[in-house]
Number of protein chains: 2
Amino acid sequence: MNYTEAKSKFINTWGSLGTLWGINKAMAQIQSLLFISAEPLSMEEIMEELKISRGNTSMNLRQLIDWGIVSKEFKAGERKEYFTTEKDVQELARIIAKERSRRELQPTIKVLKEVSNITPDGTNETDEFIKQTKAMCELTETADSLLNKMANQQQNWITKSILKIFS
Amino acid sequence: MNYTEAKSKFINTWGSLGTLWGINKAMAQIQSLLFISAEPLSMEEIMEELKISRGNTSMNLRQLIDWGIVSKEFKAGERKEYFTTEKDVQELARIIAKERSRRELQPTIKVLKEVSNITPDGTNETDEFIKQTKAMCELTETADSLLNKMANQQQNWITKSILKIFS
DNA sequence: TTAAAGTTTCAATAATTACTGAAACTTTAA
DNA sequence: TTAAAGTTTCAGTAATTATTGAAACTTTAA
């Protein structure tokens, strides 16, 4: 396999895996293109490389910036904006974990707490409902705290590395 | 909030969270209905409760069975099939973790290994590509082994509980 | 056997989600 | 200022994904 083949295979695979971390295909593809690119890319270059429209590129770049995964960069003496993604996979994982927790897990926990809090009326139905939704709530809370612990773990790992450099 | 409200809120919330663990809305809704139900339900009952067609119910039940989350049950003297889901959240989490690993993480790891294995031609481009895809591969492998460890951890937890009962 | 009860399949269609392209907007250098 | 360079927005459309419903199939009891 040569570079060009490998590159498009990587972008496609990572793109379709986007669902795993809750983002759409174009967004994931832009991110992966930036991830393997040695230099920051302009919007033109991204459009050209992925064969997607200007509008689509603009909207998805904005979302990526919103997630904190991509950032704008300015080249001296150039008006154009250039984009780069976080290049450290550990840090990338940390950001994604945090965002997913905030966007999905936390709201779910809130609803689970609400619904598991109905007053039992003595029927089997409500007893089972309360029992099961409580269990689900605890599981979700465990998953959430695990995710956050992992994220902070990675932060510590980075922090440690930085400290090592300066010690 | 009364039982009926709480019930539909739970089914909807869990349904839309389906994407988080990679299954579609109807599938997630059927699973959550079974999860809070004190008794196994027939196809008729599921259709009625969720207002979905027979075909849709049948197909999604099959997928749930395929995932190992739902099982058929027969009531003595009845021809109809009844369905139940795994009621233990820990075991549920374990099954989901395993399936996601098998269906998504493993194939991705395979591709990442492939593409990161191209021969460097001395250019910046390929060097960066190899470096970054290798890092991504390692991250994915870490995530996968973590997921599996968690899953087995939970199995051990269950095993321990069972052992406790019989000791 | 057969017909009633139940289940599965799949082509057609609906619903959802993503994408385009062109117009409107913003910024900047002269 | 102004016009060129660049970016954003969004209504319309395309692509994808989920759902229906009816016909085909399977099982079982009489």
Side-chain angles (χ1 to χ4, degrees), chain A residues 11-34 39-67 70-84 103-104, chain B residues 11-34 39-67 70-84 103-104:
Chain A
I11 291 172
N12 282 319
T13 307
W14 207 250
S16 52
L17 201 72
T19 51
L20 191 66
W21 40 294
I23 65 171
N24 73 34
K25 205 181 98 197
M27 218 174 132
Q29 289 189 332
I30 293 173
Q31 198 278 328
S32 47
L33 175 62
L34 294 174
E39 293 294 319
L41 300 179
S42 68
M43 203 145 92
E44 301 286 341
E45 289 167 318
I46 297 168
M47 285 166 56
E48 166 62 20
E49 188 86 43
L50 302 177
K51 304 270 180 278
I52 57 178
S53 71
R54 188 174 295 282
N56 200 6
T57 310
S58 167
M59 281 172 117
N60 284 106
L61 271 173
R62 194 141 70 83
Q63 274 208 81
L64 284 164
I65 291 170
D66 202 53
W67 270 69
V70 163
S71 49
K72 288 187 184 180
E73 220 162 88
F74 295 93
K75 283 195 184 172
E78 282 215 51
R79 194 128 132 226
K80 222 180 276 180
E81 294 175 334
Y82 287 81
F83 302 91
T84 7
R103 287 167 201 246
E104 294 171 296
Chain B
I11 291 171
N12 281 318
T13 306
W14 207 249
S16 51
L17 200 73
T19 52
L20 191 66
W21 40 295
I23 66 172
N24 74 33
K25 207 181 98 197
M27 217 174 133
Q29 289 189 332
I30 293 172
Q31 197 277 329
S32 47
L33 175 62
L34 294 174
E39 293 293 318
L41 300 178
S42 69
M43 202 146 92
E44 301 284 342
E45 289 167 317
I46 296 168
M47 285 165 58
E48 165 64 20
E49 188 85 44
L50 301 177
K51 305 271 181 277
I52 55 176
S53 73
R54 187 175 297 282
N56 202 3
T57 310
S58 168
M59 281 173 115
N60 284 107
L61 272 172
R62 194 141 70 83
Q63 273 208 78
L64 284 164
I65 291 169
D66 202 53
W67 271 69
V70 162
S71 49
K72 288 187 184 181
E73 221 161 87
F74 296 93
K75 284 195 184 173
E78 282 214 52
R79 195 131 130 223
K80 218 180 280 180
E81 294 175 336
Y82 287 81
F83 301 90
T84 9
R103 288 167 201 245
E104 292 171 297

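Convention: sequence-line order gives letters A, B, ...; per-chain numbering from 1.
Proximity of A:F83 to A:E45: side-chain heavy atoms (C-beta onward) are nowhere separated by under 4.5 Å.
Look at B:S58 and you'll find a side-chain N or O under 4.0 angstrom from OP1 or OP2 of C:dT8.
Counting to the nearest Å, the P atom of C:dT7 and the CD atom of B:E73 are 14 Å from each other. Note: CD1 (A:I65) to P (D:dT7) measures 11 Å, nearest angstrom. Distance, A:E78 CD to C:dT28 P: 14 Å, rounded to whole Å. One can place NZ of B:K72 at 14 Å from P of D:dT26, the figure rounded to the nearest angstrom. Straight-line distance from the CE atom of A:M59 to the C1' atom of C:dA24: 15 Å, rounded to whole Å. Rounded to whole angstrom, the span from the CE atom of A:M43 across to the P atom of C:dT20 amounts to 13 Å. The nearest whole Å value for the distance from the CG atom in B:L64 to the P atom in C:dT8 is 13 Å. Rounded to an integer number of Å, the gap from CD1 of A:I46 to P of C:dT20 is 14 Å.
Comparing atom distances between the A:K80 side chain and each of D:dT20, D:dG6, D:dT8 picks out D:dG6 as nearest. Which of D:dT19, D:dC10, C:dT7 sits closest to the side chain of B:N56 comes down to D:dT19. In the set C:dG21, C:dT7, D:dT20, the nucleotide with an atom closest to the side chain of A:S53 is C:dG21.
Going from atom CD1 of A:I30 over to atom CG of A:N60 covers 4.5 Å, rounded to the nearest 0.5 Å. To the nearest 0.5 angstrom, A:M59 atom CE is 12.0 Å from A:M27 atom CE. Distance check: B:M43 CE to B:K72 NZ gives 9.5 Å after rounding to the nearest 0.5 Å. Distance check: B:T84 OG1 to B:E73 CD gives 3.5 Å after rounding to the nearest 0.5 Å.
If you check distances only, the side chain of B:R79 does reach the base of D:dT27 with a donor-acceptor pair under 3.5 Å.
Projected onto DNA chain D by closest heavy-atom contact, A:K25 and A:G55 fall at different nucleotides, the more 5' of which corresponds to A:G55. Comparing A:I23 and B:R62 against DNA chain C, the residue whose closest nucleotide sits nearer the 5' end is B:R62. Between A:E81 and B:N60, the residue whose closest nucleotide on DNA chain D is further toward the 5' end is A:E81.
As judged by a 4.0 angstrom heavy-atom cut-off over every strand, B:R54 is placed among the base-contacting residues. B:N24 comes within 4.0 angstrom of sugar-phosphate atoms only, judged by non-hydrogen atoms across all strands, and of no base.
Look at D:dT27: its Watson-Crick or wobble partner, with both distances under 3.5 angstrom, is C:dA4. Pairing for C:dA15 goes to D:dT16, judged as Watson-Crick or G-U wobble with the two contacts each under 3.5 Å.
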